[in-house]
Colleague: 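Next up is a structure, given as structure tokens.
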Amino acid sequence: MANEHTIRELSHEDRTFDPPPDFAAQANVTAEEYTKAEEDRIGFWAEKAQRISWETPFDEVLDWSEAPFAKWYIGGKLNAAYNCVDRHVEAGLGDRVAYYFEGEGGDTRVITYADLQREVSKTANALVELGVKAGDRVALYMPMIPETVFAMLACARIGAPHTVIFGGFSDRAIADRVEDCGVEIVITADGGYRRGKTNALKATVDKALQDLPQVRNVVVVQRTGQEVNWDDDRDIWWHDLVDRQSETHDLEFFDAEHPLYIMYSSGTTGKPKGIMHTTGGYLVGTSYTHWAVFDIKPETDIFWTAADIGWVTGHSYIVYGPLANGTTSVLYEGTPDTPHRGRWWEIVEKYGVTVLYCAPTSIRTFMRWGRDIPAKYDMSTLRLLGSVGEPINPEAWMWYREHIGGNNCPIVDTWWQTENGSILISPLPGVTSTKPGAAMRALPGIVADIYDEQGQPVEPGSGGYLVITEPWPAMLRTLWGDEERYKKTYWSQYPGVYFAGDGAKYDRDGDIWVLGRVDDVLNVSGHRMSTAEIESALVAHSMVAEAAVVGAQDETTGQAIEAFVILRESAKDRDDAVQQLRDHVRASIGPIATPRAIMVVPDLPKTRSGKIMRRLLKDVAENREIGDVTTLADASVMDAIQEEMRARQ
Ligand code: ATP
Ligand code: MG
């Protein structure tokens, strides 16, 4: 079956978990939803658009005549902030909590929908006072605090697309984005709290803007009270500007295709791309998927996406999706180990979190710290768990299910990208029998497939390239200022079809497993293999906490497998670890997958959203100079790895 055009299937999973019957009985979505969408996809998306309030109804659902430039809900007019805030207050839900904010240091704020309406209106008035008009871009470089949400929604309210820059990025990254996006207003804070310390956000913005006089104003939230430099002509305190504004703001409605935001991708594989999302389709996509995938009951659920707002997951599932649905969410500023390693579970217990959504990197970290920590907390309110950002190793999935979910929460492994805007491939928790590590199947209304090199769909049991064959409402519309790159990156591999850049396979039942980046797929003696499966085999060994696998040039086999592993605390001193792990991989998936080398490292290079940057490890394995590290969470990790390598030589 395996040939050079398909990705070889290395692993097989027999464990399946049906939705608990009582969960299925109350679920928002049943299996009929798939049939309905298959029979009439456009009609399905027309119906889902009714989740949203339109000031002017649309007269056509999709215009794909200028493909790959899509228009959804043509003629419709709406306001995203109105949909997320005002309409809930008008419906009498002003007292419902929108966010339980938990600062890293333990300070808290409770923000109701009525509070949100006042704060967003004031902030919108403030931006208008600064001369911001519809269409102007506003950059945010903020900690995870409520003002970040106020600012995003204020931008949406006045039709000024926001571009949120991760609070951990460097001045260089800010400057690149401000320049690329033509930003004239930046909103930041003096600093934020991370690991018990303050990070200097304002100072980083100052540095970034040194040679960018185009930025007229920097609005600064006072979060930490730390000292900041001040430019009287340019800088203005949030409290001076926003506090004196009126609590009401007259709404304007925008075209469904009006740009809502630009978000730069995480740069795992190369230079970040300015991904542009528009208003109508994006809101429909995020609202529907949030409701369907997380089975949201806005009256009773406490929803927590434990991710950063500066990542698309935060945009879609901390801000727009949950608010469009009138949900109560937790917003947590800090890291999982501040002040102690049980912080997340303490938060789950404190607020009675019912649905938790996070990344595999966090789950693997919790595994490394041990099950005793979550066991100390009452997490019985949890009823559903989600995963996003990377393939989740089956063993991490099982651990999540058992030690966080108490063996009775369905797990939704959600595949999507910044470009997609909303979840595209995921189990539906009341319908799908899940398998540890599998994203399973495309959501209703989404048409996904796996193609071989020639553009033919592959058979069950084979792998290839993940594609989306029909447009969807929350899809990106273009790359900011670069239509050519948009066409080339996503639509040129297979004409008319969205190329995700991820490898995937159908298992023998025809369910989808996402295997990681196409750039990361290995080719050993003509056999194409995924890094994810080999990594999962390593993580399944009790000595291993995390693993990353790359293909390094090899004279005889073309590529050879090199693995980088972090050992668990208990295995740190084992000098036979490397040999044991090689034997383990050979035994569990076969000789073809045996690593040529296994390096024990103290840490792995990751983006701020927790994704492993394999391209940097490949540079190490191939003895090259290390590539672009600007979006790395912690640049010192690469120094430590290189030191380790030098010590071995
Ligand atoms: P860049 O495109 O700049 O290299 P990036 O792709 O890392 O950055 P994102 O859009 O944040 O930026 O990440 C999307 C990618 O994350 C997907 O293409 C996929 O590789 C991975 N991913 C996300 N969710 C899942 C999942 N559930 N299973 C497997 N992979 C996932
Ligand atoms: Mg990407």
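Whatever order the structure lists them in is the order used to number ligands and atoms, beginning at 1.
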Colleague: Enumerate the atoms of ligand 1 whose separation from the nearest heavy atom of Val514 is less than 4.0 angstrom.
Modeller: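 Ligand 1 atoms under the 4.0 Å threshold to Val514: 29 (C), 30 (N).
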Colleague: Could you tell me if the side chain of Cys358 sits less than 4.5 Å from the side chain of Tyr400, heavy atoms only?
Modeller: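 Yes, side chains in contact.
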Colleague: Strictly under 4.0 Å, does any heavy atom of Gly389 approach an atom of ligand 1?
Modeller: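 Per 4.0 Å heavy-atom rule, Gly389 contacts ligand 1.
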Colleague: Donor-acceptor pairs under 3.5 Å, side chain of residues 402-411 to any protein atom, not counting sequence neighbours: which ones?
Modeller:
none

Colleague: Does any N or O atom in Ser387 lie less than 3.5 angstrom from one in ligand 1, N or O only?
Modeller: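 No, no N or O pair falls under 3.5 Å.
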Colleague: Can you tell whether the side chains of Asp301 and Arg383 come within less than 4.0 Å, N to carboxylate O?
Modeller: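 So Asp301 pairs with Arg383 through a salt bridge.
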Colleague: Would Trp416 count as a contact of ligand 1 if the rule is a heavy atom under 4.0 Å away?
Modeller: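 Flag set, Trp416 near ligand 1.
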Colleague: Mind checking whether Val637 and Leu632 have side chains closer than 4.5 Å, heavy atoms only?
Modeller: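 Result no, sub-4.5 Å side-chain heavy-atom pair not found.
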Colleague: Decide yes or no for Tyr486 and Met276: does some side-chain heavy atom of the first lie under 4.5 Å from some side-chain heavy atom of the second?
Modeller: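 No, their side chains stay 4.5 Å or more apart.
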Colleague: Where on Trp311 is there a heavy atom closer than 4.0 Å to ligand 1, on the side chain, on the backbone, on both, or on neither?
Modeller: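 Only the side chain of Trp311 comes within reach of ligand 1.
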Colleague: Less than 4.5 Å apart, any side-chain heavy atom of Tyr494 and any of Thr469?
Modeller: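 In short, these two side chains do not touch, never coming nearer than 4.5 Å.
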Colleague: So if I count the atoms of ligand 1 from 1 in the order they appear, which ones are less than 4.0 Å from some heavy atom of Lys273?
Modeller: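 Listed by number with element: 1 (P), 2 (O), 3 (O).
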Colleague: Which one holds for Lys611 and ligand 1: side chain close, backbone close, both close, or neither close, with close meaning a heavy atom under 4.0 Å?
Modeller: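 The part of Lys611 near ligand 1 is the side chain, not the backbone.
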Colleague: Of the listed options (Leu424, Asp413, Asp502, Ile392), which comes nearest to atom 17 (C) of ligand 1 when hydrogens are ignored and any heavy atom counts?
Modeller: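 Going through Leu424, Asp413, Asp502, Ile392 one by one, Asp502 has the nearest heavy atom to atom 17 (C) of ligand 1.
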Colleague: Can you list everything that forms a salt bridge (Lys or Arg N to Asp or Glu O under 4.0 Å) with Arg364? Sequence neighbours excluded, please.
Modeller: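 For Arg364 the salt bridge (Lys or Arg N to Asp or Glu O under 4.0 Å) partners, ignoring immediate neighbours, are Glu390, Glu546.
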Colleague: So is Val312 polar-close to ligand 1, meaning N/O to N/O under 3.5 Å?
Modeller: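 Checking ligand 1 against Val312, no N or O pair falls under 3.5 Å apart.
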